[in-house]
Amino acid sequence: MADSSSTASSTAAFVADSSSTTSSTAASTTAKSRETRSWADEADEIDQTEQSENASAETEIGSLQIDESKRVNNSTLDDPEDSRIEAVTSGDTLYKSAKRFEDLNLSPELLKGLYVEMKFERPSKIQEISLPMILTPPYKNLIAQAHNGSGKTTCFVLGMLSRVDPKLRAPQALCICPTRELAIQNMEVLLKMGKFTGITSELAIPADAANYIPISKRPPVSAQVVIGTPGTINKWVTARKLGMSCMKILVFDEADHMLAESGFQDDSIRIMKAIVKASVGCQVLLFSATFGESVKAFVTKIVRDLFVKDYNQMFVKKEELSLDSVKQYKVQCPDELSKVMVIKDKILELGQKVGQTIIFVRTRNSASMLHTSLVDYGYEVTTIQGALKQEDRDKIIKEFKEGLTQVLISTDLLARGFDQSQVNLVVNYDLPVRHESPSEPDHEVYLHRIGRAGRFGRKGAIFNLLCDDRDNMLMSKIENHFNSQVTEIASWKSEEDFENALKKAGLL
DNA sequence: AAAAAAC
């Protein structure tokens, strides 16, 4: 269905090299000789002095040419996560950070997509570091952590689009996401960025009842890029409708969750094994804002066991993961009812002036309860959760993204990845807890929830509503874990306190 | 008595 070929005008002679090699003997010079690109001359006019300086300094350690002392006085200072990412490369492949998209040997069609459609000017920090690692042969696996709203999607979408051979009509890139909404959102980015490339794509999510066609009656997927959710992808693979033999690049969005035992571990491993079985040398990219210690260990192990041994990685310390541009608050509420009062009298009243709001709740049930009481009080809110029909989910997302609705109540369905720049306020109606041990907070989900505000360095405010000792215990554990300060609102009844809070957050 | 994703 989703197919960008309507605008096809592919003239690029992009010859992707999928020959995989475990021995990382290729130096940076091999990168150019491996491929024939008509625009190579232009891409060569990089800062020669910086390159040679870096190369000599870093060859032995084999780490990335990102030098903290150097980065301070370059031109990307407004980057919110500047200098907080630590990158480690394996082997002796040299990478030079990409200050401009021109540094990446991208096809003219892709560059046009970046500048004209996406309206990007230059790579963000994570893009600057990770894109050379993704796009330079030999194509190594990458485990990449970066802050919420820092542009991870662009990294892997660009990776997929540039690794695909436009002349080969077979699936070559696969992206797996934890929710249908995220798969759809990523597809939208792919279509936009790849608008001029003629590269074809298809969404692998369950079809709604109206357009349902039994899997056995469907033709095999011929689209070059497939983005979807694990269940449907596995279903297609099992039915032999999704061939893996030409797969060049496999992307896990929200990789920590996709590979966690409590997440989609089984499904993900099945997909990986299908690829390992069918193809040679598929590059694997794992992206997330969070990689908890235990999942990090597992993730690196699984990549090493199933795919090529050496891989590049970039991680952020958990203490440096909270976004500086987003101010976090906690509100002591005497009981459940006062939580609703705080939301309707304080947060929603003021929130109207500052942008859109997402209210997170723990269960589907409390989502509908909160929805009903806010609607009863005369507020216009919409609610999304997994029990809704897909068409309703789509409609609610569409309305919110178009700005037709201001306030959205959600379960953790939207905790990860949902990108809407106008969201300035996030409310935790209740705090996220671990399913296995409900007395423990889910730090990762907390970070993802608050990351729905403050996209790309924008200002934002978070209100955590607490009403008993348990809530306060969870909150202080979260504060300790991220070493981030959560300011207490003096009185839940004081309109002035909330107004000042928003002013301090830079929103009023 | 959880969210999500699959029949």
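Computed from a predicted structure; not experimentally measured.
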Q: May I ask you to decide if the ring planes of A:His443 and A:Phe482 are parallel, tilted or perpendicular, using 30° and 60° as cut-offs?
A: perpendicular
Q.
Nearest to the A:Thr229 side chain among B:dA3, B:dA6, B:dA2, which nucleotide is it?
A. B:dA6
(Q) Counting only side-chain heavy atoms from C-beta out, which of B:dA3, B:dA5, B:dA6 sits nearest to A:Phe264? (A) B:dA5
Q: Ignoring the backbone of A:Thr179, work out which of B:dA4, B:dA6, B:dA3 is nearest its side chain.
A: B:dA4
Q. Taking atom C1' of B:dC7 as reference, at what distance in whole Å does atom CD of A:Gln390 sit?
A. 16 Å
Q.
Heavy atoms from C-beta onward define the side chain here; which of B:dA4, B:dA6, B:dA2 lies closest to that of A:Arg364?
A. B:dA4
Q: Could you tell me whether the side chain of A:His435 has a donor or acceptor atom within less than 3.5 Å of a complementary atom in the base of B:dA4?
A: no
Q. Checking all strands, does A:Pro206 fall into the base, sugar-phosphate, or nothing category for heavy-atom contacts under 4.0 angstrom?
A. sugar-phosphate
(Q) I need the CD-C1' distance between A:Glu261 and B:dA4, as an integer number of Å. (A) 16 Å
Q.
Strictly below 4.0 Å: does A:Arg393 bring a side-chain N or O up to OP1 or OP2 of B:dA4?
A. no
(Q) Tell me the interatomic distance from A:Arg270, atom CZ, to B:dC7, atom C1', rounded to whole angstroms. (A) 11 Å
Q) Which part of the nucleic acid, if any, lies within contact of A:Ser410, taking any heavy atom under 4.0 Å across all strands shown: a base, the sugar-phosphate backbone alone, or nothing? A) nothing
**Q.** Euclidean distance, atom OH of residue A:Tyr212 to atom P of B:dC7 [Å, nearest integer]
**A.** 7 Å
**Q.** Whole-Å gap separating C1' (B:dA6) and CG (A:Asp266)
**A.** 13 Å
Q. Rounded to the Å, how far apart are A:Leu182 CG and B:dA4 P?
A. 14 Å
Q: Give a yes or no on this: more than 12 heavy atoms of other residues, nucleotides or ligands lie within 6.0 Å of atom CE of A:Met369.
A: no
Q: Name the closest nucleotide to the A:Thr411 side chain, picking from B:dA4, B:dC7, B:dA5.
A: B:dA4
Could you go through residues 204-221 of chain A and list every donor-acceptor pair under 3.5 Å that involves a side-chain atom there, pairing it with any protein atom two or more places apart or in another chain?
{"residue": "A:Asp208", "atom": "OD1", "partner": "A:Asn211", "partner atom": "ND2", "Å": "3.4"}
{"residue": "A:Arg218", "atom": "NH2", "partner": "A:Glu202", "partner atom": "OE2", "Å": "3.4"}

**Q.** Minimum-distance nucleotide to A:Thr232 side chain [options: B:dA6, B:dA3, B:dA2]
**A.** B:dA6
Q | Pairs satisfying side chain to side chain donor-acceptor pair (under 3.5 Å), at least one member in residues 369-378 of chain A, at least two apart | A | A:His371-A:Thr383
Q. In whole angstrom, what separates A:Arg362's CZ from B:dA4's P?
A. 13 Å
(Q) Can you measure A:Trp236 atom CH2 to B:dA5 atom P for me and round it to whole angstrom units? (A) 16 Å
Q: State which residue, out of A:Arg449, A:His481, A:Arg434, A:Arg416, fulfils the side chain to side chain donor-acceptor pair (under 3.5 Å) condition with A:Glu444.
A: A:Arg434
Q) A:Arg416 near the nucleic acid: base, sugar-phosphate alone, or nothing, with a heavy-atom cut-off under 4.0 Å? A) nothing
